[in-house]
Amino acid sequence: MAINWFKYSAPTAFYGLAGKLVPWFAWSSAILFAIGLYISFFVAPTDATQSEAYRIMFIHVPTSILSMFIYLVMAFYAAVGLVFNTRLSSMMATALAPTGALFAFISLWTGAMWGKPMWGAWWVWDARLTSELILLFLYFGFIALHASIDDPRRADRAAALLAIVGSVNVPIIYFSVKWWNTLHQGSTIKFSGTSMHIAMQQALFTMLLACWTYSVAISLLRVRSIVLERERNTQWVAELEEVRS
Amino acid sequence: MSEFFAMNGYAFYIWGSYGLALLIFIVEIAMVRHKRKITLQQLRLMRDAGEEGQA
Amino acid sequence: MLEISELACTRGDHRLFSGLSFSLSEGELLQVEGVNGSGKTSLLRTLCGFMMPEVGVVRWRGEDIRKLREEYHAEMIYLGHLNAIKDELNALENLHINAGLAGYALDDKQAIAALRRMGLRGRETLPVKVLSQGQRRRVALARLLVGNAPLWILDEPLTALDVGAVILMQELIGEHLANKGMVIYTTHQLLEVAGVVTRRLSLS
Amino acid sequence: MLEISELACTRGDHRLFSGLSFSLSEGELLQVEGVNGSGKTSLLRTLCGFMMPEVGVVRWRGEDIRKLREEYHAEMIYLGHLNAIKDELNALENLHINAGLAGYALDDKQAIAALRRMGLRGRETLPVKVLSQGQRRRVALARLLVGNAPLWILDEPLTALDVGAVILMQELIGEHLANKGMVIYTTHQLLEVAGVVTRRLSLS
Amino acid sequence: MSSMDKSLTAGTAKDKLSLFGLLGLVIRRDLILAMRRRADVLTTLVFFVMVVSLFPLGVGPELDMLRKMAPGVVWVAALLASMLSLGRLFSADYLDGTLEQLLLAPQPLSLLVLGKIIAHWMVSGLPLVLMAPVLGLQFDMSAQALWVLIATLLLGTPILSMIGAVGAALTLGLRGGGVLVSLLVLPLCIPVLIFGAGAVEAVTSGMSVVSHLSLLGAMMLLALVFTPWVTAQALRISME
Amino acid sequence: MSSMDKSLTAGTAKDKLSLFGLLGLVIRRDLILAMRRRADVLTTLVFFVMVVSLFPLGVGPELDMLRKMAPGVVWVAALLASMLSLGRLFSADYLDGTLEQLLLAPQPLSLLVLGKIIAHWMVSGLPLVLMAPVLGLQFDMSAQALWVLIATLLLGTPILSMIGAVGAALTLGLRGGGVLVSLLVLPLCIPVLIFGAGAVEAVTSGMSVVSHLSLLGAMMLLALVFTPWVTAQALRISME
Ligand code: HEM
Ligand SMILES: Nc1ncnc2c1ncn2[C@@H]1O[C@H](COP(=O)(O)OP(=O)(O)OP(=O)(O)O)[C@@H](O)[C@H]1O
Ligand SMILES: Nc1ncnc2c1ncn2[C@@H]1O[C@H](COP(=O)(O)OP(=O)(O)OP(=O)(O)O)[C@@H](O)[C@H]1O
Ligand SMILES: [Mg+2]
Ligand SMILES: [Mg+2]
């Protein structure tokens with residue numbers, strides 16, 4: 001059986017590279033989390049208006065930002081996969097989706113946990129909250145579509161099309177919801193501290209970095225499994241050390 | 001110490017947030033690693049079956 | 001006219017065929033042979049352009065069919081496992097629509113003549129839903145009579161047809177070949193066209 | 001065992017058959033013949049009890065099948081145009097379920113043996129969706145191997161089967177008849193069981 | 001693989017299946033099928049969540065009004081979600097010929113039907129019940145109201161599945177059956193909706209909910225006794 | 001019969017069909033098919049009416065609140081109704097093999113797709129638009145609000161059909177596609193819902209609706225340009 005080495009060279013090299021990168025990202029993530037949490041809880045001062053509750057911010061804001069960022073990256077990878085027919089980028093997109101969805105979920109959850117003490121309600125129908133919820137639905141759509149199609153190549157292409165259409169729609173959703181909201185109620189109570197304490201900024205930034213390294217590490221780990229699964233009939237997979245042993 | 005954990009009365013919300021986030025991270029890591037284990041297992045199984053078939 | 005070079009097809013873990021090359025020119029008849037699951041349907045669907053060939057190209061008049069697309073489609077007719085007829089419409093309406101999609105407008109007389117030739121006299125205006133399996137297949141096959149595409153790709157055209165209809169199909173194919181047509185087909189039954197040598201392509 | 005008396009069937013304006021009487025006893029093989037649309041499928045579906053006979057009765061061991069119902073069902077297997085297999089399940093699971101619905105619990109070994117006999121070695125655990133037409137038909141036919149109902153009613157069992165599978169079916173039917181089974185079938189292909197005289201019933 | 005197959009066989013090999021074993025087999029079969037296309041189960045749930053979330057988007061974000069609407073909205077969404085999933089109940093079996101074989105099974109058809117209904121509810125009704133409280137929170141419902149909501153859904157969704165089965169059986173094989181079935185079934189389900197949503201409103205305005213709940217319970221028992229048989233007859237008619 | 005057949009043929013016999021003639025053929029074909037199963041068209045409409053009417057049942061009969069909810073409820077119901085009818089858009093053609101033939105037609109696929117979308121809208125979107133005022137009256141909406149409601153629906157329902165077509169094409173042939181398609185399409189349709197319902201609310205609170213309507217118009221044009229092509233690609237992927 002002739003194997004087109006050129007075609008498979010990319011996943012081969014990438015599989016090894018990813019394997020080498022994962023520990024680096026994983027460890028830096030762990031360290032950054034440790035530092036970030038330390039600053040968040042022990043260095044950052046208690047907020048004047050929100051007391052301790054504001055400390056939820058240090059997990060809420062990074063996860064919120066990453067959930068949106070990951071969607072864009074995922075759509076980008078998917079589009080590259082669709083246009084240039086590169087399998088690897090499609091696999092990357094597939095690997096990113098669950099992490100993005102989880103971040104969106106954490107964002108919603110922590111937001112709700114913050115909203116209850118601050119606004120007295122678990123949930124309000126505010127622009128940001130609503131569009132984050134819709135973002136979660138978009139992730140679900142991507143994952144569900146990919147999962148319902150058996151042929152992986154077809155699944156990649158179909159899901160990519162969806163991701164692209166979705167990414168066009170995300171800004172539209174955000175602005176429409178924002179506008180819709182301003183039509184009705186006055187400004188929602190928002191976090192008061194406009195001029196943030198320097199320690200808060202540091203904590204926020206460190207946690208953001210920690211979350212970012214985490215998502216890189218976990219999606220690289222996930223994509224390695226996906227590569228193995230999809231390329232299971234190739235010679236190079238059979239020759240891998242972890243397969244042979 | 002207990003004062004720290006009490007978080008000035010916001011313990012439920014704060015630890016609820018961080019706790020769930022932590023739980024999700026742990027579960028995700030566990031699931032991804034489990035998936036890798038399963039994948040490798042299946043690969044070995046298939047290879048063994050293939051060798052048997054040739055023999 | 002139709003050239004296939006170094007075609008390979010893999011479905012799931014199974015390599016169905018590889019390194020397949022052949023070409024077909026005017027007036028030729030090609031039967032794709034093979035046991036169940038050997039990849040006949042997959043090959044025909046690749047020839048239609050539904051499936052992207054894993055390796056290799058399919059060329060029509062020297063050009064890749066994935067480039068030609070509509071131009072190629074105008075010169076071929078594909079008949080698959082499915083009949084592509086609407087249960088709610090009658091045979092006549094179905095034929096009109098199928099011809100329309102292929103780019104031709106028929107008049108009723110031609111359509112009825114085609115259906116009668118296919119042995120559907122008296123069933124032209126019954127909703128296709130109530131027809132028997134064989135009659136439905138005949139409605140689908142009537143498309144071959146009204147188009148004038150040179151290339152016919154037929155996946156098990158004889159399914160559900162009775163003996164009379166099989167003989168009719170043999171005649172139709174013979175006429176088409178005499179008009180410089182080309183036919184590729186699969187079947188597990190016997191299909192012999194008088195005066196024509198059937199080329200055979202065996203999938204492993 | 002199975003007796004049909006004075007059966008008639010009308011679909012729409014067409015009287016398909018009338019005054020049909022025959023009976024079938026142990027070890028007998030009956031082929032229902034007729035051109036496309038002559039009413040073979042309609043007759044078989046009436047024998048199963050799906051369609052109420054317009055005139056006449058169908059009797060099993062002397063009793064009307066519409067009275068017997070479940071008791072009759074326990075003694076027959078019907079295989080129609082449709083395969084009655086689930087695309088999402090693999091061949092093994094499909095067979096288990098089909099046997100379970102017929103009232104039997106199989107073990108894996110029997111099921112695999114049946115599938116292998118039907119020529120599906122290596123495809124036992126693929127989702128049926130990805131199998132070829134002929135392979136799907138084989139999965140459906142494997143039911144015949146695991147049940148032990150005396151009466152088989154087969155509507156075009158040979159559809160999509162290759163030559164090897166047709167021979168296999170002939171053997172299976174032969175074995176079943178030797179075990180005092182009864183078989184009624186339709187087909188437009190050739191089906192000859194060695195050592196058995198096929199009775200033929202022609203619908204106009 | 002082997003464990004999966006085992007789970008499909010009940011009892012020991014070559015055994016005749018008991019009636020109960022058969023019920024189990026049918027339920028297990030449908031659950032396994034549902035698990036094979038796990039997306040299905042999830043999507044009914046997500047559909048439910050999405051419909052409930054659409055309302056605030058259409059109506060506007062005032063919490064006061066939303067709180068009042070909440071029980072109605074959740075119940076309507078549950079009704080629609082179980083309506084949508086009805087299409088799956090028999091149509092797949094019909095299209096691939098399995099239904100013919102079910103009708104030819106040597107066991108009472110109503111029993112098989114009951115098994116299918118139970119499996120359907122477990123896949124499409126139960127998740128809704130479990131999800132409802134979270135949605136209630138989005139609408140700022142009180143804890144007490146949430147409990148009543150769960151109770152009514154727990155009693156009500158099986159009724160929806162059972163009534164829905166009759167509709168699904170009657171519309172089998174008709175094109176556009178998906179919408180037709182809603183048309184047949186929705187009017188029949190309206191009492192369930194009224195008592196279900198009514199109970200939640202009653203509790204928020206401080207009244208007793210016992211009568212509501214016991215009425216729902218009675219309806220459920222009634223449905224349990226009659227609908228499998230009616231569905232079986234409807235299937236026979238549809239297959240003629 | 002003869003007149004029906006005539007209406008299926010465009011131009012004179014043996015003529016090559018023009019692109020426009022082809023578009024007409026596809027639309028006519030789908031409309032005729034819809035007329036053959038007239039129940040279909042009716043049921044979308046009845047579903048719409050029923051969802052809208054369920055609300056007062058679930059929420060309670062206070063007119064004040066109902067008036068406020070009205071635009072949102074009508075729009076959500078329209079969204080759900082067009083979602084429901086999406087299943088019909090390609091699946092019948094897929095199952096009977098017609099879609100294969102459409103892909104093999106010697107004309108641009110996007111054009112055929114556009115024809116199908118237009119026919120689908122005429123069958124499932126237009127009736128809703130015409131029905132909406134009647135339902136608005138049930139909720140005691142003002143005449144002005146009713147006009148705006150019609151205008152937004154007229155602009156919005158085609159967008160729903162077009163976005164829906166993409167989802168329908170992507171989920172072709174997948175079991176449980178009916179619910180999956182809602183999952184994919186509903187989030188994408190939310191802006192339409194918000195601007196549609198928002199416009200009606202704006203007019204009731206005395207604000208200008210021009211910006212809402214022009215935004216909807218812009219979205220429609222955008223969708224008209226892109227979705228047929230995207231749908232065609234999705235169909236190609238699904239048929240692989
Ligand atoms: C379920 C509820 C909530 C959700 C879904 C949510 C969602 C989001 C999202 C998506 C972002 C990122 C926005 C951006 O970077 O532009 C964000 C940022 C933020 N959220 Fe929330 N949020 C929720 C509740 C809250 C609550 C209750 C508070 C405070 C009282 C809050 C305060 C903030 C702050 C301070 C930021 C970062 C500030 C900024 O980047 O502008 N959020 N939230
Ligand atoms: N995902 C998959 N994994 C493994 N095998 C697959 C997969 N998808 C398809 N196959 C195999 O590919 C083949 C498809 O064959 P195809 O339908 O082209 O056969 P065919 O020659 O037309 O057969 P028939 O005569 O029965 O119609 C089958 O053998 C099937 O088992
Ligand atoms: N409503 C109706 N009006 C007129 N004719 C009808 C109606 N319904 C069914 N028929 C006819 O009844 C016959 C049904 O035949 P049946 O399906 O039993 O044929 P068959 O012998 O199995 O044919 P095949 O060999 O093609 O499978 C067909 O000839 C069909 O045209
Ligand atoms: Mg084939
Ligand atoms: Mg027949």
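Chain A is the first sequence line, chain B the second, and so forth, proteins listed ahead of strands; every chain is numbered from 1. Worth saying up front: this structure is predicted, and the values here are computed from it rather than measured.
At a 4.5 Å heavy-atom cutoff, the contact between Val73(F) and chain E is made by backbone and side-chain atoms alike. Only the side chain of Met50(F) comes within contact range of chain E, judged by heavy atoms closer than 4.5 Å. In this structure, chain E has a heavy atom under 4.5 Å from the side chain of Ile190(F), while its backbone stays farther away.
Within 6.0 Å of CE on Met122(E) lie no more than 12 heavy atoms contributed by other residues, nucleotides or ligands.
Separating the CE atom in Met69(E) from the CE atom in Met69(F) is a distance of 4.0 Å, to the nearest 0.5 Å.
Gly58(E) approaches Ala197(F) most closely through the heavy-atom pair O-CB, 3.4 Å.
Contacts with chain E were tallied for Leu54(F), Val74(F), Val46(F), Val51(F); Leu54(F) has the most, counting heavy-atom pairs under 4.5 Å. Considering only heavy-atom pairs separated by less than 4.5 Å from chain F, the leading option among Phe47(E), Phe55(E), Trp75(E) is Phe55(E). Put simply, of Leu79(E), Ile194(E), Val49(E), Leu186(E), the one with the most heavy-atom pairs under 4.5 Å next to chain F is Leu186(E).
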